[in-house]
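Order of the sequence lines fixes the chain letters, A, B, ..., with proteins taken first and strands second; residue numbering starts at 1 for each chain.
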Amino acid sequence: MCGRYVMAQSVGDLVAEFDVDETYVETVEPSYNIAPTDPVPIVLDRRDRETGGTSRKLVPARWGLVPPWSKDTKGAARLINARRETVTEKPSFRKAAAAKRALVPANGYYEWEKRAAQEAAGKAGKVEKIPTYLHAADGGLLAFAALFENWPDPTLPPDHPERWLRTCTILTGPASDTLGYIHDRTPVIVPREMWDDWLNPETTREEDVRALIDSMPEPHLTPRIVGSMVNSVRNNGPELIEPVG
DNA sequence: CCAGACGTTGTT
DNA sequence: GTCTGG
DNA sequence: CCAGACGTTGTT
DNA sequence: GTCTGG
């Protein structure tokens, strides 16, 4: 799955990498330990009323989707992932799948591997999960397939600047055999040549979105065992992704 | 009809 | 908002 | 995802 | 054990 990740690029990097037209994010704090409910930058495409063309935007969002009908934001921390198999059907995700697709930029993400070998060896003691950092083999930026939603805070008046909360969720799929030994689910990673198709706001029919999702390939990632400092969200910094012997 | 859920993960 | 369960 | 809390009362 | 916070 994807419950903790790394995004240490600057706004400038993201604008260049994703060919962003408009940015609504002034600065991005590099984070090597992004956790559910944290603010994150996301990329989306919207149709421009003036020009009729499509504009790519870098916007702030909070990780953990809050459906627009939610009474409050409690429980958002559980909607950090959406299963690709069912996302076009689930009431919490189907509207967003049709009309609010996004990309979440990331350098990599963490899994906590509970290894069979460790289990066998540790019958006497307790089983420690092994934090593992997964990243592109070439170190390149990843783009997680994501959905977003806009949630109107019912406790605030319609004209209040904080009335609308944008939240997001990252799609997951079954892990390939090569990654499956670490974890049975992995985030859906959109290859660069599919970014435009994924973000295209004109693609709204369920069957078209379904086909789009089904066309997403298995991610090819490199695992690296890291230290347990990443376990606590209070820790941050490049040392979290340093390899551990 | 109204009430209540709406989700994923891991673990057993 | 929309679906399911009662 | 993991870490850390998990409770009430009265008094300062 | 289970929920909340980050």
Is there a side chain to side chain contact (heavy atoms under 4.5 Å, CB included) between A:L141 and A:N107 once you walk through the steps? CA-CA 5 Å; A:L141 198 65; A:N107 296 97; 3.9 Å; yes
Tell me, do A:I241 and A:R224 make a side-chain contact under 4.5 Å, heavy atoms counted?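 Yes; the side chains approach each other to less than 4.5 Å.
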From C-beta outward on [X], which listed nucleotide comes closest to its side chain: [options]?
X     : options             : value
A:N81 : B:dT9, D:dA3, D:dC1 : B:dT9
A:K90 : B:dT8, D:dA3, C:dG1 : B:dT8
A:R4  : C:dT2, D:dC2, B:dT8 : D:dC2
A:R83 : D:dA3, B:dT9, D:dC1 : B:dT9

Can you tell me the distance, in whole Å, between the [atom1] atom of [X] and the [atom2] atom of [N]?
X      : N     : atom1 : atom2 : value
A:Y5   : D:dC2 : OH    : C1'   : 17 Å
A:R62  : E:dG5 : CZ    : P     : 11 Å
A:N236 : E:dG6 : CG    : P     : 15 Å
A:F93  : B:dA5 : CZ    : C1'   : 14 Å
A:Y32  : D:dC2 : OH    : C1'   : 21 Å
A:R84  : B:dT9 : CZ    : P     : 13 Å
A:D72  : E:dT4 : CG    : P     : 10 Å
A:K74  : E:dT4 : NZ    : P     : 8 Å

Would you indicate what A:W112 reaches in the nucleic acid, counting non-hydrogen atoms under 4.0 angstrom: base, sugar-phosphate, or nothing?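 Result for A:W112 = sugar-phosphate.
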Using a 4.0 Å heavy-atom cut-off, does A:T37 contact any base of the nucleic acid, only the sugar-phosphate backbone, or nothing at all? base
Gap in Å between the two [atom1] atoms, one belonging to [N] and one to [M], rounded:
N     : M     : atom1 : value
B:dC2 : D:dT9 : P     : 38 Å
E:dT4 : B:dC6 : P     : 15 Å
E:dG6 : B:dT8 : P     : 25 Å

Could you identify the nucleotide paired to C:dG1, looking across every strand shown and requiring Watson-Crick or G-U wobble geometry with both distances under 3.5 Å?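 C:dG1 is paired with B:dC6.
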Tell me whether the side-chain N/O atoms of [X] come closer than 4.0 Å to OP1 or OP2 in [N].
X      : N     : result
A:K71  : C:dG1 : no
A:T172 : B:dT8 : no
A:T86  : B:dT8 : yes
A:R234 : D:dG4 : yes

Using the six-membered ring wherever Trp is involved, compare the ring planes of A:Y133 and A:H135 and label them parallel, tilted or perpendicular (cut-offs 30° and 60°).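 Answer is parallel, since the angle falls under 30°.
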In this structure, which one of A:V15, A:V11, A:L14, A:L44 forms a side chain to side chain contact (heavy atoms under 4.5 Å, CB included) with A:V20?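 Of all the options given, the one that passes is A:V15.
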Is a side-chain donor or acceptor of A:N33 paired with a backbone partner of A:V230 at a separation under 3.5 angstrom?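 Yes, because the side chain of A:N33 sits within donor-acceptor range (under 3.5 Å) of the backbone of A:V230.
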A:R83 side chain to A:L171 main-chain N or O, any donor-acceptor pair under 3.5 Å? no
Stacking between D:dC1 and A:Y110, yes or no? Criterion: centroid separation under 5.5 angstrom, plane angle under 30 degrees.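 No, aromatic ring not over the base.
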